[in-house]
Amino acid sequence: MWFSFIIISIVGTLFHFLYDWSGHNKMIGLFAAVNESTWEHIKIALTPSLLWGLIDGFLYGANPNYFLAKSMSLLTMIVVIPVLFYLYSYLLKKHVLIIDILIFYVAIFLGQSLFYYVLNGPVVPYIFSYSGAVLLFIIFGFYMTATLLPLKNFLFKDPITKKYGLKGHK
């Protein structure tokens, strides 16, 4: 658990800067943060988690709980990052960079913890395993389109440029 948490955290941190480092390569922008919106910070937690799925899928893919565990792990990050970010922002009435960074790591930690908890728990009925696989594909599909065709709401709006997706890059 700790090894996957550390790898996902390091890769996610690097993906915060990768779009700029790539000279604004749009292909890289599908996977790396392209602006400072909440969605892009969720994305940089999802990217390494999905990439890590190539490894943990090889290691644990035969486990009947794997797809449910993976999809629940991703959903945890998708929910935890905005909930904690907007909650603390509301309470403090300002943004604090160190808290933003900690939220990113807390979300990854909780996601990975839940992954291993579900993976090692009692075998789930087939319908839950199947639902987890379907949910995983839905998450991946949304993830791939949300940068190119971002929804016009607060999660996708860059707080600096007030724009969305690739156009939101400063």
Side-chain angles (χ1 to χ4, degrees), residues 1-61 67 70-86 88-89 94-115 133 135-170:
M1 201 291 294
W2 287 105
F3 185 70
S4 61
F5 164 72
I6 291 168
I7 297 299
I8 291 168
S9 296
I10 290 170
V11 173
T13 301
L14 294 173
F15 270 64
H16 188 276
F17 307 101
L18 190 59
Y19 184 65
D20 281 335
W21 293 345
S22 74
H24 304 151
N25 182 307
K26 288 184 181 178
M27 187 62 117
I28 298 294
L30 289 173
F31 305 100
V34 298
N35 64 47
E36 292 298 324
S37 70
T38 305
W39 165 251
E40 296 297 325
H41 288 86
I42 294 169
K43 189 170 81 174
I44 62 172
L46 291 179
T47 297
S49 298
L50 288 164
L51 290 172
W52 186 257
L54 299 172
I55 295 168
D56 65 28
F58 178 75
L59 297 173
Y60 308 116
F67 288 108
K70 193 64 172 179
S71 61
M72 289 181 69
S73 169
L74 297 174
L75 279 178
T76 298
M77 291 182 276
I78 291 168
V79 170
V80 166
I81 289 173
V83 166
L84 292 182
F85 174 73
Y86 291 112
Y88 103 77
S89 297
K94 64 179 181 175
H95 298 284
V96 180
L97 180 61
I98 190 67
I99 296 175
D100 295 344
I101 293 167
L102 288 173
I103 288 170
F104 175 74
Y105 297 122
V106 165
I108 293 169
F109 177 80
L110 292 174
Q112 286 303 106
S113 296
L114 184 59
F115 172 78
L135 184 56
L136 190 58
F137 282 103
I138 291 169
I139 291 169
F140 184 72
F142 181 78
Y143 161 88
M144 291 304 295
T145 58
T147 297
L148 297 174
L149 303 168
L151 301 173
K152 302 294 187 225
N153 73 33
F154 67 97
L155 285 174
F156 297 86
K157 188 175 189 178
D158 183 296
I160 299 166
T161 66
K162 309 295 186 219
K163 295 180 181 175
Y164 302 87
L166 292 167
K167 294 177 184 173
H169 187 74
K170 54 185 187 266

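Small disclaimer: the values here were computed from a predicted structure and weren't measured.
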**Study point:** Residue pair Leu18, Phe15: steps toward the side chain to side chain contact (heavy atoms under 4.5 Å, CB included) verdict
**Key:** CA-CA 5 Å; Leu18 190 59; Phe15 270 64; 3.9 Å; yes

Please report the closest heavy-atom contact between [X] and [Y], naming both atoms and the distance.
| X | Y | value |
| --- | --- | --- |
| Thr38 | Tyr86 | OG1-OH, 2.6 Å |
| Ser49 | Ala45 | OG-O, 2.8 Å |
| Pro82 | Ile42 | CD-CD1, 3.8 Å |
| Leu136 | Phe67 | CD2-CD2, 3.8 Å |
| Ile44 | Ala33 | CG2-N, 3.5 Å |
| Thr76 | Gly111 | CG2-N, 3.8 Å |

Rounded to the nearest 0.5 Å, how far does [atom2] of [Y] lie from [atom1] of [X]?
| X | Y | atom1 | atom2 | result |
| --- | --- | --- | --- | --- |
| His24 | Asp20 | NE2 | CG | 4.0 Å |
| Phe31 | Leu50 | CZ | CG | 9.5 Å |
| Tyr143 | Thr47 | OH | OG1 | 2.5 Å |
| Phe140 | Thr145 | CZ | OG1 | 10.5 Å |
| Ser89 | Leu84 | OG | CG | 10.0 Å |
| Ser37 | Lys43 | OG | NZ | 8.0 Å |

Exercise for review: Please indicate whether Lys94 has more than 12 foreign heavy atoms, meaning atoms of other residues, nucleotides or ligands, lying under 6.0 Å from its NZ.
Suggested key: no

Point to revise | Phe137, CZ atom: more than 12 neighbouring heavy atoms under 6.0 Å | key: no

**Study point:** Partner set under ring-ring contact (aromatic ring centres under 6.0 Å, His included) for Phe109, not counting sequence neighbours
**Key:**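 Testing Phe109 for ring-ring contact (aromatic ring centres under 6.0 Å, His included), a comparison that skips the adjacent residues, returns Trp2, Phe5.
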
**Study point:** Residues forming a ring-ring contact (aromatic ring centres under 6.0 Å, His included) with Phe115, sequence neighbours excluded
**Key:**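 Scan of Phe115 (ring-ring contact (aromatic ring centres under 6.0 Å, His included), adjacent residues dropped) gives Tyr66.
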
Point to revise | Among Leu102, Ile101, Ile108, Val106, the one residue meeting side-chain contact (heavy atoms from CB on, under 4.5 Å) with Phe104 | key: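 Only one of Leu102, Ile101, Ile108, Val106 forms a side-chain contact (heavy atoms from CB on, under 4.5 Å) with Phe104, namely Ile108.
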
Practice item. Go through the steps for Met77 and Leu74 under the test side chain to side chain contact (heavy atoms under 4.5 Å, CB included), then give the verdict. Key: CA-CA 5 Å; Met77 291 182 276; Leu74 297 174; 3.8 Å; yes

Check your understanding: Can Trp39 and Leu46 be said to form a side chain to side chain contact (heavy atoms under 4.5 Å, CB included), step by step?
Key -> CA-CA 10 Å; Trp39 165 251; Leu46 291 179; 4.1 Å; yes

**Study point:** Aromatic plane relationship, His16 with His41 - under 30° parallel, 30 to 60° tilted, over 60° perpendicular
**Key:** tilted

Check your understanding: Glu40 side chain to Val34 main-chain N or O, any donor-acceptor pair under 3.5 Å?
Key ->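 Flag set: sc Glu40 to bb Val34 pair under 3.5 Å.
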
**Study point:** Donor-acceptor under 3.5 Å (Lys70 side chain, Gly61 main chain)
**Key:**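 Here the side-chain-to-backbone pair does not exist.
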
Review point. So which pairs with a foot in residues 1-10 pass salt bridge (charged side-chain N to carboxylate O under 4.0 Å, His left out), sequence neighbours left out?
Key: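 Listed by first then second residue: nothing to list.
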
Point to revise | Verdict with reasoning, Asn35 to Ile160, per side chain to side chain contact (heavy atoms under 4.5 Å, CB included) | key: CA-CA 9 Å; Asn35 64 47; Ile160 299 166; over 6 Å; no

Point to revise | Polar contact flag, side-chain donor to acceptor under 3.5 angstrom, Tyr88-Asp100 | key: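 Yes, Asp100 and Tyr88 have a side-chain donor paired with an acceptor closer than 3.5 Å.
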
